[in-house]
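Below is one structure; the comments refer to it alone.
Values below: all heavy atoms of this structure, side chains included; hydrogens, waters and symmetry mates excluded. Here the structure is a predicted model, which is why all the values come from computation and not from measurement.
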Amino acid sequence: MERIEINTEFIKLDAFLKFSGACETGGEAKLCIEDGLVRVNGEACAMRGKKLRPGDTVELDGEEYEVARA
């Protein structure tokens, strides 16, 4: 699992996918979320604007990322 540090209270799911490098563009992140390919804390998530906070986990294409406080 890769730890991705953020400097803010939260980050939205679509922005996190781009920031972490899981997706190359915001458009790609949007499509992955809409297609049900993204899991947040073990559950499928179709909300682009889902607020992620430190401790949350995101999974896409078999890769796992943990949101962490910087």
Side-chain angles (χ1 to χ4, degrees):
M1 181 179 303
E2 185 176 346
R3 288 177 46 118
I4 305 296
E5 295 182 350
I6 61 171
N7 295 321
T8 55
E9 179 183 343
F10 65 86
I11 186 170
K12 292 184 179 180
L13 178 58
D14 56 352
F16 178 82
L17 291 173
K18 186 176 171 187
F19 179 70
S20 68
C23 293
E24 291 189 19
T25 65
E28 181 183 350
K30 177 183 174 183
L31 291 175
C32 287
I33 295 166
E34 287 177 354
D35 290 345
L37 303 176
V38 180
R39 298 177 73 78
V40 175
N41 297 327
E43 296 184 14
C45 182
M47 298 182 337
R48 278 182 28 214
K50 170 109 174 118
K51 293 179 181 178
L52 302 175
R53 292 181 164 74
D56 287 336
T57 60
V58 177
E59 184 179 345
L60 174 64
D61 292 334
E63 297 290 327
E64 278 191 81
Y65 305 88
E66 178 184 3
V67 182
R69 175 86 58 208

Restricting to non-hydrogen atoms, name the atom on [X] and the atom on [Y] that form the minimum distance, rounded to 0.1 Å.
X	Y	result
M1	E64	CE-OE1, 3.3 Å
G42	T57	N-OG1, 4.5 Å
R3	A68	NH2-CB, 3.2 Å

Next on the checklist: Can you tell me how far apart CG (L31) and SG (C23) are? Round to the nearest 0.5 Å.
Outcome noted: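 Rounded to the nearest 0.5 Å, the CG-SG separation comes to 9.0 Å.
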Item to check | Interatomic distance, M47 atom CE to K12 atom NZ [nearest 0.5 angstrom] | outcome: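 M47 atom CE to K12 atom NZ measures 11.0 Å (nearest 0.5 Å).
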Checklist entry - Taking the hydrophobic residues Ile, Leu, Val, Met, Phe, Trp and Tyr, and joining any pair whose side-chain heavy atoms are under 4.5 Å apart, which ones share a cluster with I33? => result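 Once heavy-atom contacts under 4.5 Å are chained together, I33 belongs with I4, I6, I11, L13, F16, L17, F19, L37, V38, V40, L52, V58, L60, Y65, V67.
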Checklist entry - Cluster partners of F10, using ILVMFWY side-chain heavy atoms under 4.5 angstrom, listed by chain and number? => result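 Traced through the cluster, F10 reaches no other member.
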